[in-house]
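Since the structure is predicted, the reported quantities are computational estimates derived from the model, not experimental observations. Every chain is numbered from 1, with letters handed out A, B, ... down the list of sequences.
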2 protein chains.
Amino acid sequence: MRADRVRGHLDGLLMAVLEQGPLHGYAIITAVQQRSGGVLDLRTGTIYPALNKLERLGLLTSSWESVGERRRRSYRLTDAGRRSLAEERTAWREFTVAIGSVLNPGAEPRSAI
Amino acid sequence: MRADRVRGHLDGLLMAVLEQGPLHGYAIITAVQQRSGGVLDLRTGTIYPALNKLERLGLLTSSWESVGERRRRSYRLTDAGRRSLAEERTAWREFTVAIGSVLNPGAEPRSAI
DNA sequence: GTGCTATGTATTGGCAGCCAACATATAACT
DNA sequence: AGTTATATGTTGGCTGCCAATACATAGCAC
């Protein structure tokens with residue numbers, strides 16, 4: 001699948017994988033990969049600018065960690081981030097119902113939970 | 001909802017409303033509006049270029065009609081268009097399952113049909 | 001008979017947002 | 001020694017939707 005279709009939903013994906021605890025960038029990529037069954041393959045040019053934006057908006061905070069000689073930047077969801085994530089989920093439901101109703105009229109209207 | 005999120009799914013929407021029979025541009029807009037419960041509000045700057053592209057790809061054909069003094073351009077789905085629509089529906093299911101799995105892990109994986 | 005709204009088609013410029021490509025470094029395995 | 005995995009980041013470009021604009025007929029209200 002064209003991973004380009006993530007467009008507009010990226011913020012929600014990032015916040016969702018950070019919900020259970022902090023992760024660093026690389027781990028975020030693999031987490032999204034695994035949860036999506038290998039379908040979604042985000043690139044660094046996609047997530048780092050997005051993470052910066054979310055931090056600038058106060059939805060994430062970041063801190064540097066050291067593992068041996070290697071540095072990692074750990075991203076943590078803020079309270080505002082959790083509220084925003086809830087809104088993203090609501091928007092996702094509305095979105096899937098709307099598109100789904102047009103694409104498959106007559107089918108039971110249901111959201112992709 | 002930001003109708004901008006339609007991005008990447010527009011072709012499927014247009015072909016879906018043309019499935020039961022030909023429609024002209026303005027009627028396509030209102031059909032999408034009604035089917036989506038008023039959520040999706042496509043603009044002419046969005047659909048006309050998209051319809052042209054689909055016709056160029058052989059997924060639609062168009063013909064002019066006259067209603068009194070007024071002219072309409074009627075768009076009809078081709079066989080290739082029907083096959084493409086089926087692919088769009090499959091892609092939509094995969095898409096919603098993938099995003100849904102990341103956004104709402106642990107929930108029953110289901111597509112937005 | 002005049003304005004307003006609905007119906008109808010179409011183009012252009014802009015921009016948001018994702019991606020490819022590039023750059024760089026440590027660590028582990030073969 | 002070379003390749004792969006782990007790790008972070010930037011820049012330039014392109015796709016695709018939207019706002020704004022333009023124009024024309026038709027119907028209704030006042």
Side-chain angles (χ1 to χ4, degrees), chain A residues 1-15 17 22-34 36 39-57 60 62-75 88 91 95 98-99 102, chain B residues 1-15 17 22-34 36 39-57 60 62-75 88 91 95 98-99 102:
Chain A
M1 188 180 70
R2 287 158 45 202
D4 165 70
R5 298 214 184 187
V6 174
R7 187 181 281 265
H9 309 286
L10 180 63
D11 295 354
L13 296 184
L14 297 177
M15 291 191 288
V17 295
L23 290 176
H24 58 280
Y26 194 83
I28 290 174
I29 291 176
T30 57
V32 169
Q33 235 167 18
Q34 285 172 8
S36 68
V39 174
L40 298 179
D41 190 22
L42 305 181
R43 304 312 175 88
T44 64
T46 299
I47 66 153
Y48 287 116
L51 290 169
N52 286 336
K53 186 198 68 180
L54 292 176
E55 184 170 17
R56 209 170 54 243
L57 292 174
L60 303 179
S62 72
S63 59
W64 286 98
E65 286 178 359
S66 281
V67 181
E69 206 60 32
R70 183 177 282 156
R71 66 201 184 112
R72 284 178 180 169
R73 191 159 162 189
S74 187
Y75 296 90
E88 289 282 347
F95 170 76
I99 303 281
V102 178
Chain B
M1 188 181 65
R2 287 158 47 200
D4 165 69
R5 299 215 182 187
V6 174
R7 186 180 283 262
H9 309 286
L10 179 64
D11 295 354
L13 296 183
L14 297 178
M15 293 191 287
V17 295
L23 290 176
H24 59 279
Y26 195 83
I28 290 175
I29 291 177
T30 56
V32 169
Q33 233 168 20
Q34 284 172 9
S36 68
V39 175
L40 299 179
D41 189 22
L42 306 181
R43 305 311 175 90
T44 65
T46 298
I47 67 153
Y48 287 116
L51 290 169
N52 287 335
K53 187 198 69 181
L54 293 175
E55 184 169 17
R56 211 169 54 243
L57 293 173
L60 302 179
S62 72
S63 59
W64 286 100
E65 286 177 359
S66 281
V67 181
E69 206 60 33
R70 183 179 281 158
R71 66 202 184 110
R72 285 178 179 170
R73 191 160 165 189
S74 185
Y75 296 91
E88 289 283 348
F95 170 75
I99 304 281
V102 177

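Across the protein-nucleic acid pair, B/Ile47 atom CD1 and C/dT11 atom C1' stand 14 Å apart, rounded to whole Å. A straight line from CD1 of A/Ile29 to P of D/dT8 spans 8 Å, rounded to a whole angstrom. Between the CZ atom of A/Arg72 and the P atom of D/dA5 there is a distance of 17 Å, given to the nearest Å. The nearest whole Å value for the distance from the CG atom in A/Leu14 to the C1' atom in C/dC18 is 12 Å. One interatomic measurement links the two molecules: CG of B/Leu13 to P of D/dC17, which rounds to 10 Å at whole-angstrom precision. Rounded to whole angstrom, the span from the CZ atom of A/Arg73 across to the C1' atom of D/dA7 amounts to 13 Å. Atom CZ in B/Arg43 sits about 15 Å away from atom P in C/dT7, given to the nearest Å. Atom CZ in B/Arg71 sits roughly 10 Å away from atom P in D/dT25 (whole-Å rounding).
For A/Glu65 (side chain) and A/Arg73 (main-chain N/O), no donor-acceptor pair under 3.5 Å exists by modelled atom type.
Out of D/dA20, D/dT6, D/dC17, the shortest distance to the side chain of A/Tyr26 is found at D/dT6. Counting only heavy atoms from C-beta on, B/Thr46 has its side chain closest to D/dC18 among D/dA20, D/dG9, D/dC18. The side chain of A/Arg7 approaches C/dG17 more closely than any other nucleotide in the set C/dG17, D/dG9, D/dA7.
The phosphate of C/dT7 has neither OP1 nor OP2 within less than 4.0 Å of any side-chain N or O from B/Arg70.
Remark on DNA chain C: of its neighbouring residues B/His24 and A/Gly68, the 5'-side contact belongs to B/His24, judged by nearest-heavy-atom nucleotide. Comparing A/His9 and A/Glu69 against DNA chain C, the residue whose closest nucleotide sits nearer the 5' end is A/His9. Mapped onto DNA chain D by nearest heavy atom, B/Val67 and A/Val67 fall at different nucleotides, with A/Val67 at the one closer to the 5' end.
Between A/His9 and A/Phe95, the ring-plane angle classifies as tilted under the 30° and 60° cut-offs.
Counting heavy atoms from C-beta on, the side chains of B/Leu10 and B/Leu42 come closer than 4.5 Å.
Side chain to side chain, A/Arg71 and A/Ser66 fail the donor-acceptor criterion of an N or O pair below 3.5 Å.
The two residues A/Ser36 and B/Ala98 come nearest to each other via the heavy atoms CB-O, 4.1 Å.
Residue contacts for B/Gly45: at a heavy-atom cut-off of 4.0 Å it reaches a base atom on one of the strands shown.
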